[in-house]
Asker: 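Take this structure, written in structure tokens, and hold onto it; I'll ask about it next.
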Amino acid sequence: MLKKEMVDALNKQINEELYSAYLYLSMAAWFDSIGLNGFSNWMMVQYKEETDHAMKFFNYLSQQGEPVKLMAIKEPPNSWESPLHAFEETLKHEQHITACINELVDLAEKLKDRATYNMLQWFIDEQVEEEANDREIIDILKLIDGSKNGLFMLDRELAQRQYTPEI
Ligand code: FEO
């Protein structure tokens, strides 16, 4: 049995993860609309991973016999100034999610909730990886500096990303 404060915080995190999914789905649509199908594929994979993250919290609450409470998902933006801008916003968003995970860890420590603390360790590692992936693409986009050839090459590379279920 979990403390109510933790149940509420985990339900809020389901919403954060579903918003992340929604944001990346919106980016996938935008990249598709400007002809960058590889970038769109990368975002589509990200969208699926985020729904997995939400389901990890969902399943954990269910396993613990606690209620899942789904909340309204806010509307994401639907266009960005450039591919670089979209990825800078992605990194900013992931830094926000990292802060959310860190707050959950702090709460688990405060409540001496060892099961939740353990479950959250996967997310700590995942956030390091997600931020690193975004930074890598941002660095390449800065090097490319808007060159059509460079964008074309990167688009082909991002088309290779494949979804591997995380749950
Ligand atoms: Fe589930 Fe990208 O944070």
Side-chain angles (χ1 to χ4, degrees), residues 9-60 73-108 116-167:
L10 293 173
N11 271 312
K12 187 171 167 286
Q13 192 60 29
I14 292 179
N15 188 266
E16 292 280 0
E17 301 291 348
L18 288 176
Y19 174 75
S20 307
Y22 227 34
L23 175 64
Y24 301 140
L25 186 59
S26 186
M27 286 184 178
W30 179 71
F31 277 120
D32 185 57
S33 77
I34 61 168
L36 290 171
N37 296 337
F39 280 78
S40 179
N41 169 66
W42 194 96
M43 284 296 171
M44 200 58 94
V45 171
Q46 197 60 31
Y47 152 72
K48 290 176 187 163
E49 286 195 358
E50 297 299 350
T51 59
D52 284 351
H53 298 173
M55 287 311 296
K56 271 183 186 279
F57 286 108
F58 180 110
N59 290 340
Y60 178 72
I73 305 168
K74 74 174 187 238
E75 183 179 325
N78 59 17
S79 70
W80 290 266
E81 289 159 22
S82 63
L84 176 59
H85 179 229
F87 269 90
E88 282 172 340
E89 290 298 304
T90 299
L91 177 58
K92 219 185 277 177
H93 181 67
E94 287 305 327
Q95 287 167 335
H96 162 71
I97 296 294
T98 300
C100 293
I101 299 292
N102 288 340
E103 277 177 29
L104 287 171
V105 172
D106 288 347
L107 182 61
T116 305
Y117 181 89
N118 271 352
M119 181 274 292
L120 289 168
Q121 300 312 302
W122 184 91
F123 284 94
I124 292 185
D125 293 341
E126 177 70 8
Q127 283 311 117
V128 172
E129 192 185 314
E130 295 225 331
E131 287 191 27
N133 290 343
D134 294 339
R135 277 196 202 93
E136 193 182 322
I137 295 172
I138 287 170
D139 286 347
I140 298 171
L141 283 167
K142 283 183 177 164
L143 277 175
I144 286 171
D145 196 21
S147 131
K148 287 206 168 86
N149 265 354
L151 271 180
F152 177 73
M153 299 289 285
L154 181 57
D155 192 60
R156 286 220 311 212
E157 193 184 320
L158 298 185
Q160 304 304 315
R161 187 181 188 194
Q162 286 185 359
Y163 168 64
T164 310
E166 295 187 326
I167 49 170

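For reference, positions follow the sequence shown, starting with 1.
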Asker: Salt-bridged, Lys12 to Glu103, with N to O below 4.0 Å?
Answerer: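 Between Glu103 and Lys12 there is no salt bridge, as every charged N stays at least 4.0 Å from the carboxylate O atoms.
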Asker: Under 3.5 Å, is there a donor on one side chain and an acceptor on the other for Glu88 and His85?
Answerer: no
Asker: Check whether Asn78 reaches the backbone of Ser26 with its side chain - one donor and one acceptor, N or O, closer than 3.5 Å.
Answerer: no
Asker: In the structure I gave you, are the side-chain heavy atoms of Phe39 and Ile34 within less than 4.5 Å of one another anywhere?
Answerer: no
Asker: If only side-chain N and O atoms count, and only distance matters, is there a donor-acceptor pair under 3.5 Å linking Glu16 with His53?
Answerer: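 No, no side-chain donor-acceptor pair sits under 3.5 Å.
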Asker: With respect to Ser20, which candidate in Gln46, Glu49, His93, Glu130 satisfies the side-chain hydrogen bond (donor to acceptor under 3.5 Å, both in side chains) definition?
Answerer: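 For Ser20, the side-chain hydrogen bond (donor to acceptor under 3.5 Å, both in side chains) test succeeds with only one of Gln46, Glu49, His93, Glu130, which is His93.
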Asker: Taking Ser40 for the side chain and Phe31 for the main chain, is one N or O donor matched with an acceptor at less than 3.5 Å?
Answerer: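 Side chain of Ser40 to backbone of Phe31: no pair is present.
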Asker: Got a donor-acceptor contact below 3.5 angstrom from the Thr98 side chain to the Glu94 backbone?
Answerer: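 Yes; judged by distance alone, with no hydrogens or angles, the pair exists.
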Asker: Does the gap between the ring centers of Tyr60 and Trp122 come in under 6.0 Å?
Answerer: no
Asker: Using the rule given for side chain to side chain contact (heavy atoms under 4.5 Å, CB included), can you reason through Lys142 versus Ile138, listing the C-alpha separation, both sets of side-chain angles and the distance that settles it, and then say yes or no?
Answerer: CA-CA 6 Å; Lys142 283 183 177 164; Ile138 287 170; 3.9 Å; yes
Asker: With sequence neighbours left out, write down each residue that passes side chain to side chain contact (heavy atoms under 4.5 Å, CB included) with Ile140, or none if nothing qualifies.
Answerer: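 Counting only residues at least two positions away or on another chain, Ile140 forms a side chain to side chain contact (heavy atoms under 4.5 Å, CB included) with Ile144, Leu154.
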Asker: Could you check whether Glu131 and Gln127, counting side-chain N and O atoms only, form a donor-acceptor pair closer than 3.5 Å?
Answerer: no
Asker: Are the side chain of Lys56 and the backbone N or O of Met119 linked by a donor-acceptor pair below 3.5 Å?
Answerer: no
Asker: Does Glu157 use its side chain to pair, donor to acceptor, with the backbone of Met153 at less than 3.5 Å?
Answerer: no
Asker: Could you tell me whether a side-chain N or O of Asp52 sits under 3.5 Å from a main-chain N or O of Pro165, the two making a donor and an acceptor?
Answerer: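 No, because the side chain of Asp52 does not come within donor-acceptor range (under 3.5 Å) of the backbone of Pro165.
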Asker: Report yes if some heavy atom in the side chain of Glu17 is under 4.5 Å from a heavy atom in the side chain of Phe123; otherwise report no.
Answerer: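 Yes, at least one pair of side-chain atoms sits under 4.5 Å.
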Asker: With no hydrogens and no angle check, is any side-chain donor or acceptor of Asn37 less than 3.5 Å from a backbone partner on Ala159?
Answerer: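 Looks like no, no N/O pair under 3.5 Å.
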